[in-house]
Amino acid sequence: MSGKPVLFVPKSFTGDKYVFSYEKLYRDVIIPLYKERERRTKGSRFVVHYKNGRSHVLGNALREEYPCTKYVILDFVKKYDSVYREYKDSIIN
């Protein structure tokens, strides 16, 4: 052993369900934010414009460009730290 104390936590404190997960962050925050960003970007390859004036962001193509990986999520947290903290605070409270 390393001589450091070991802390035992009761199972009732840890719980069975995770409130916060990276998949939920990706689905609820990252993709909607990137969709809105692409919608505002002129000439985005992820936006389709229809004859009636509507536009649509191609979510599947966006998910291919920004897959749900730790690198994409870490990059998001670095770029949008305030958005991440706001989301985290809303889950905790």
Side-chain angles (χ1 to χ4, degrees):
M1 290 245 111
S2 62
K4 295 181 181 177
V6 177
L7 176 66
F8 292 99
V9 179
K11 285 185 181 180
S12 61
F13 287 0
T14 60
D16 293 338
K17 297 180 182 177
Y18 297 106
V19 175
F20 185 80
S21 70
Y22 70 92
E23 292 103 344
K24 191 171 179 172
L25 173 69
Y26 180 78
R27 182 185 67 239
D28 295 346
V29 179
I30 296 174
I31 291 299
L33 185 88
Y34 284 174
K35 277 185 174 182
E36 187 58 36
R37 184 184 69 183
E38 293 299 327
R39 185 174 281 118
R40 286 184 268 125
T41 304
K42 285 194 173 223
S44 173
R45 63 187 171 114
F46 299 110
V47 179
V48 175
H49 298 282
Y50 298 108
K51 288 181 181 179
N52 64 5
R54 283 188 42 226
S55 62
H56 176 74
V57 179
L58 300 172
N60 288 339
L62 196 61
R63 285 181 188 88
E64 285 179 15
E65 182 73 20
Y66 303 103
C68 186
T69 63
K70 69 179 181 180
Y71 303 109
V72 170
I73 292 170
L74 286 174
D75 185 53
F76 173 82
V77 170
K78 286 179 187 175
K79 286 181 182 175
Y80 301 99
D81 183 55
S82 61
V83 174
Y84 170 70
R85 289 185 188 279
E86 185 179 312
Y87 172 72
K88 194 172 162 184
D89 289 342
S90 71
I91 287 181
I92 293 172
N93 298 331

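These numbers were taken from a predicted model, which means no experiment stands behind them. Quick note: numbers below take in every heavy atom, side chains included, and nothing from hydrogens, waters or symmetry partners.
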Can you tell me how far apart [atom1] ([X]) and [atom2] ([Y]) are? Round to the nearest 0.5 Å.
{"X": "Tyr34", "Y": "Leu62", "atom1": "OH", "atom2": "CG", "value": "9.0 Å"}
{"X": "Lys79", "Y": "Ile30", "atom1": "NZ", "atom2": "CD1", "value": "11.0 Å"}
{"X": "Phe76", "Y": "Tyr26", "atom1": "CZ", "atom2": "OH", "value": "11.5 Å"}
{"X": "Ile31", "Y": "Cys68", "atom1": "CD1", "atom2": "SG", "value": "8.5 Å"}
{"X": "Leu58", "Y": "Glu64", "atom1": "CG", "atom2": "CD", "value": "10.0 Å"}
{"X": "Tyr50", "Y": "His56", "atom1": "OH", "atom2": "NE2", "value": "5.5 Å"}

ask   = Does Leu33 offer a backbone N or O that forms a donor-acceptor pair with the side chain of Arg37 under 3.5 Å?
value =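 Judged by distance alone, no pair lies under 3.5 Å.
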
query = Can you find a pair of side-chain heavy atoms, one from Asp75 and one from Tyr71, that are under 4.5 Å apart?
reply = no

inquiry  = Any salt bridge linking Glu38 with Lys35? Criterion: basic side-chain nitrogen under 4.0 Å from a carboxylate oxygen.
reply    = no

Glu86 atom CD, over 12 foreign heavy atoms within 6.0 Å =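 No, not enclosed.
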
key: Other ILVMFWY residues reachable from Leu74 by side-chain steps of under 4.5 Å   =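 Same cluster as Leu74: nobody, lone residue.
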
